[in-house]
Amino acid sequence: MSDITLPTPYAPAAIEPKWRDRWADRGTNHAALDNAARPFYALMMFPYPSAEGLHVGNLFAFTGSDISARFHRLLGYDVFQPLGYDAFGIHSENYALRIGAHPMELTPKNVANFQRQLERAGLMVDWRQKVDTSRPEYYKWTQWVFLQLYRQGLAYKKAAAVNWCPSCKTVLANEQVEGGTCERCGTAVEQRFLEQWFFRISAYAERLLNNLEWLDWSPITKSAQKNWIGRSEGAELSFRVDGQTDTVTVFTTRPDTIFGATYLVLAPEHPLVATVTTEAQRAAVAGYQEATKKQDLISRKSTKEKTGVFTGAYAVNPATGANIPIWIADYVLMEYGTGAIMAVPGHDERDFEFAQLFALPIVRVVAGPDDRADTPLGEVAYTDDAQGRLVNSGTFDGLPVAEAKTAVTAWLAAGGHGTKVTNYRLHDWCISRQRYWGPPIPIIYCDACGTVPVPESQLPVELPFIPDFKPDDSGISPLARHEEWFRVPCPTCGAPARRETDVSDTFLDSAWYFLRYPSATRSDVAFDADRTSRWLPVDSYIGGNEHAVLHLLYSRFVTMVMKDAGHIDFEEPFTRFRAHGMIIREGAKMSKSKGNVINPDVYMEEWGADAFRMYLMFLGPYEEGGDFRDQGISGVRRFLDRLWASVRDARADVPIDANVVRQVHRTIKKVGDDTAGLSYNTAIAAMMECLNHLRSGDRAVHRAEVLPLVQLVAAYAPHFAEECWEMLGHTGSVFDAGWPTFDPAMLVDNEVDLVVQVNGKVRGKLRLAADVTQDAAMAGAMADAGIAKFVVGEIKKVIFVPKRLLNIVV
RNA sequence: ACCCGGAUGGCGAAAUCGGUAGACGCGAGGGACUUAAAAUCCCUGGAUCGCAAGGUCGUGUGGGUUCGAGUCCCACUCCGGGUACCA
């Protein structure tokens, strides 16, 4: 028998389960929730557990977040990294409808599958604190959150338009409407008015906007929120209706152009339409209103062709005293501003188009630098407010637009015609869903007592199991078909009463989940005061920018409300937020219809979870995403194989190479900096480069050379690093071993390659001492024949950048 | 239409401050070791002219600033994402 034993190869299939079991047994990933000294809350956006299973995009996001969490742990923080499932909502419900299953049975299966896949990825998640938004233990507190808003007067009910498919006989979310038709049957979608619950997020617009100033968030996310909140300063101006007592109030950001307002436009739904319309125009106006109502909300906003009808009425322009016609048109939206505008066709593109179509007068009241007061406007409106000056505007002639805005507003205000107003694009949050798969809104209607909130002691209002959860033609929730559920005694007077049958929006489930995690096992409170103050606000939140607006804005709003209600002492939930990029394949978004979806299981099986994690991080900058290629993964796997072999074969009785040690110290610095900045791809490249040095020429590797590399790779390839750490003779987890330190003295070079340019062109390189003087460098350059031959004629100038270059200009 | 990103070898990418463009990896070619293969190690690798030394060109396009531009400024093209009649 041979006494040669083959070296053990890296075998992820064996070591990955071994370490996952050990982590679970030892509670390695559990945070000390009640007594952590240096708490660090690392949060990632929780997934919707789809039936298709974990998407490679999910794993890309989670891995990046996990690396950041593990890195902080190595730096010495007590890291709490929870994860859970956003399991309620229309996605799950529609999928269940499509395959003829029930969401209450389907969801647990999907969650179990996700759980299996996620555990395999080796995330440092404290699974004790897992949440599932569709479980009564969780949504009891979602309902409690609703009640907190209700108590503060921030939840109210009003009639609002919804998309309605007359064929499917159901309410559709905006995302289910494609080009004005139902995504399922293709029927043209209409709008219906239904009583719905709203949250008064608009009251928080200013605060939501102002706090963006100091939040440490990805700039793209901040700008998306800023645009969404859409603050605009302007004025509300009143126009008296000629011959009537009514006045029309309009909102405008260009009060300076009032002398050019040649007509008014009301939204078709505007309440004044009924009173101002003349007898002669009544039929035309009613017809137009009817036609508008038939259109869905989306197509109304995307059709650019202007339409409208004259009401027959006139209003008085307070600046000019002229009578101007009042029209209705669907390009004016009831939900923004006052639902009415003053039209200034000379200086607004939409008004210009409308005025041309209906032959309404177009007047110039702003002139550009090259225009005179009587220069015709031509084919387009003049909208430049940076360079324009007023003309044809009485005493305001000559004023620049910015000054005129203030001056005109003050003048109109003095005459009782208007006030300065700030408007927001942000509208109140409609949380009602006439659907089944969500938390019932905890409200009871009593004929005697009116709207009664469900007492907290009676929470949760459990979602009943009903087989027929499909929405029907009534336009009200499926729960309304179940009398045994919705008929309840009034909590106040005991008389027969009815439950609210709408469920709340999925976005409410996710607007407070970060508050729940540390207290997930508590059944007596939504969130424990001590734990919350210890762990929140979240130190690092990582997620997709598709949630830049809704989820992140709603979470901020709910947090502010919780603070105002006295439940917490901070008002911003996420101190730091970073948006990751998207994984595409062959230049296209991954989707089932394109057949380019990656199943992570297959790759983890073939290459190991660690290699797969590392490959996802290596394929491009984390904050930009990248293109998934099958071949690329072999490179990181080879790196792990080689690092493995180096650890396995490392010795303590071979010389340590000073240059290798320098390289290791540089790599510690670079990987630390890059990991902190989420530059995972370059951190991995640096580790590869270092290993190449370490092994170059098949040299014997010293234990001390390779040991820090195991610590550096740990956040990226956790199972792998644990096994290597054990091979190096340690018994504890590598994640409790800390982050290696580097010696700053090791980072500086004594000698550098100085680039020598002549007239900006590289002509040579000199190996010189780092602190060489310009004169010495110059002497060195002139001594080099290859450089000197380009230095012909008089030397006009010499640029010397120490340690970098010498440029000789002749 | 508007607001954000982005465009660099055959491919994914790097270049943190205006200072050697292409690190690292994939794919490709060649070599060493091996009976052979795998693994490992070494070498080549933007284009073009040249036997070579070496030259010239080169970061989407066109201008500009600078001793020097992938990086800054102006104008534009294309691609991706978001918002969309917001007054």
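Reminder, nothing fancy here: chain letters follow the sequence lines and each chain counts from 1.
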With a 4.5 Å cut-off on side-chain heavy atoms, are A:I229 and A:L553 touching?
yes
Nearest-angstrom distance, C1' atom, B:rG50 to B:rC43:
23 Å
For B:rC17, glycosidic torsion class - syn if within 90° of 0, otherwise anti:
syn
5'-most contact on RNA chain B (nearest-nucleotide basis), A:N759 vs A:E546, goes to A:N759
Among B:rG25, B:rC42, B:rC26, find the nucleotide with the atom closest to the side chain of A:S696.
B:rC42
Taking atom C1' in both B:rU8 and B:rG70, what distance in whole Å separates the two?
7 Å
Do A:T682 and A:D674 get their side chains close enough for a donor-acceptor pair, meaning under 3.5 Å?
yes
Mind checking if A:P621 touches a base, just sugar-phosphate, or nothing, with heavy atoms under 4.0 Å?
sugar-phosphate
For residues A:P268 and A:V273, report the shortest heavy-atom separation together with the two atoms involved.
O-CG2, 4.0 Å
Check every strand shown and say whether A:S679 touches a base, only sugar-phosphate, or nothing at a heavy-atom separation below 4.0 Å.
nothing
Checking A:S218 side chain against A:I220 main chain: does a donor-acceptor pair fall under 3.5 Å?
no
Rounded to the nearest angstrom, tell me the gap between atom CZ in A:R637 and atom P in B:rA38.
17 Å
Pairwise P distance for B:rA15 and B:rG22, with rounding to whole Å:
13 Å
Rounded interatomic separation in angstrom, taking CZ from A:R763 and P from B:rA53:
16 Å
Please work out if A:N807 contacts a base, only the sugar-phosphate, or nothing of the nucleic acid, heavy-atom cut-off 4.0 Å.
base
Using a cut-off of 4.0 Å on non-hydrogen atoms, how would the nucleic acid contact of A:Q757 be classed: base, sugar-phosphate, or nothing?
base
Hey, which sits more toward the 5' end of RNA chain B by its nearest nucleotide, A:P219 or A:G632?
A:P219
For B:rU35, give the paired nucleotide (Watson-Crick: N1-N3 plus N6-O4 or O6-N4; G-U: N1-O2 and O6-N3; both under 3.5 Å), or none.
none
Nearest-Å distance, NZ (A:K306) to C1' (B:rA1)?
11 Å
Would you call the rings of A:H580 and A:Y622 parallel, tilted or perpendicular if under 30° counts as parallel and over 60° as perpendicular?
tilted
The test is ring-ring contact (aromatic ring centres under 6.0 Å, His included); show your working for A:F507 and A:W429 and say whether it passes.
CA-CA 10 Å; A:F507 278 110; A:W429 174 13; 7.4 Å; no
For A:E624 and B:rG12, give me the distance from atom CD to atom C1', rounded to whole Å.
12 Å
For B:rG58, does the glycosidic angle fall within 90° of 0 (syn) or outside that (anti)?
anti
Using a 4.0 Å heavy-atom cut-off across all strands, classify A:R425 as base, sugar-phosphate, or nothing.
base
Of the options B:rC4, B:rC85, B:rC26, whose atoms approach the side-chain atoms of A:L333 most closely?
B:rC85
Paired with B:rG80: which nucleotide, if any, by Watson-Crick or G-U wobble criteria at under 3.5 Å for both distances?
B:rC4
Are side-chain N/O atoms of A:N423 and A:S232 paired as donor and acceptor at under 3.5 Å?
no
What interatomic distance, in whole Å, is found between P of B:rC26 and the corresponding atom of B:rU65?
44 Å
Using the C1' atom as the reference point in each nucleotide, state the distance between B:rU61 and B:rG68 in Å, no decimals.
22 Å
Within the 4.0 Å heavy-atom criterion, would you say A:I799 contacts the bases, only the backbone, or no part of the nucleic acid?
base
A:L805 near the nucleic acid: base, sugar-phosphate alone, or nothing, with a heavy-atom cut-off under 4.0 Å?
base
Please determine if a side-chain N or O atom of A:S232 lies less than 4.0 Å away from the OP1 or OP2 oxygen of B:rA87.
yes
Quick one: look up who B:rC24 pairs with, Watson-Crick or G-U, both distances under 3.5 Å, and put none if it's unpaired.
B:rG12
Tell me the partner of B:rG58, counting only Watson-Crick (N1-N3 plus N6-O4 or O6-N4) or G-U wobble (N1-O2 and O6-N3) with both under 3.5 Å; none if nothing fits.
none
Send over the distance from A:E623 CD to B:rA13 P, rounded to a whole Å.
15 Å
Would you mind reading off the distance between A:R804 atom CZ and B:rA21 atom P, rounded to a whole angstrom?
13 Å
Among B:rA21, B:rG12, B:rC42, the one nearest A:F618 by side-chain distance:
B:rG12
State, with a plain yes or no, whether a side-chain heavy atom of A:I324 is found less than 4.5 Å away from one of A:M342.
no
Please measure how far the C1' atom in B:rG46 lies from the corresponding atom in B:rU20, and state the result in whole Å.
15 Å
Across the strands shown, which category fits A:D649 at heavy-atom distances under 4.0 angstrom: base, sugar-phosphate, nothing?
nothing
Considering every strand shown, what is the Watson-Crick or G-U wobble mate of B:rG29 when both distances are under 3.5 Å?
B:rC43
Could you check whether any side-chain heavy atom of A:L643 comes within less than 4.5 Å of a side-chain heavy atom of A:F720, counting everything from C-beta outward?
yes
Could you work out the separation of B:rC74 and B:rC4 based on their P atoms and round it to a whole Å?
13 Å
Presence of A:R695 side-chain N/O under 4.0 Å of B:rC41 phosphate oxygens OP1/OP2
yes
P-based separation of B:rC33 from B:rC42 [nearest Å]:
16 Å
What is the nucleic acid contact for A:N692, judged by heavy atoms within less than 4.0 Å: base, sugar-phosphate only, or nothing?
sugar-phosphate
Answer with base, sugar-phosphate or nothing: what part of the nucleic acid does A:V755 contact at a heavy-atom distance below 4.0 Å?
base
It should be established whether A:N681 places a side-chain nitrogen or oxygen under 4.0 Å from OP1 or OP2 of nucleotide B:rC24.
no
Between atom NE2 in A:H693 and atom P in B:rA23, what is the gap in whole Å?
15 Å
Rounded to the nearest angstrom, tell me the gap between atom CE in A:M617 and atom C1' in B:rG12.
14 Å
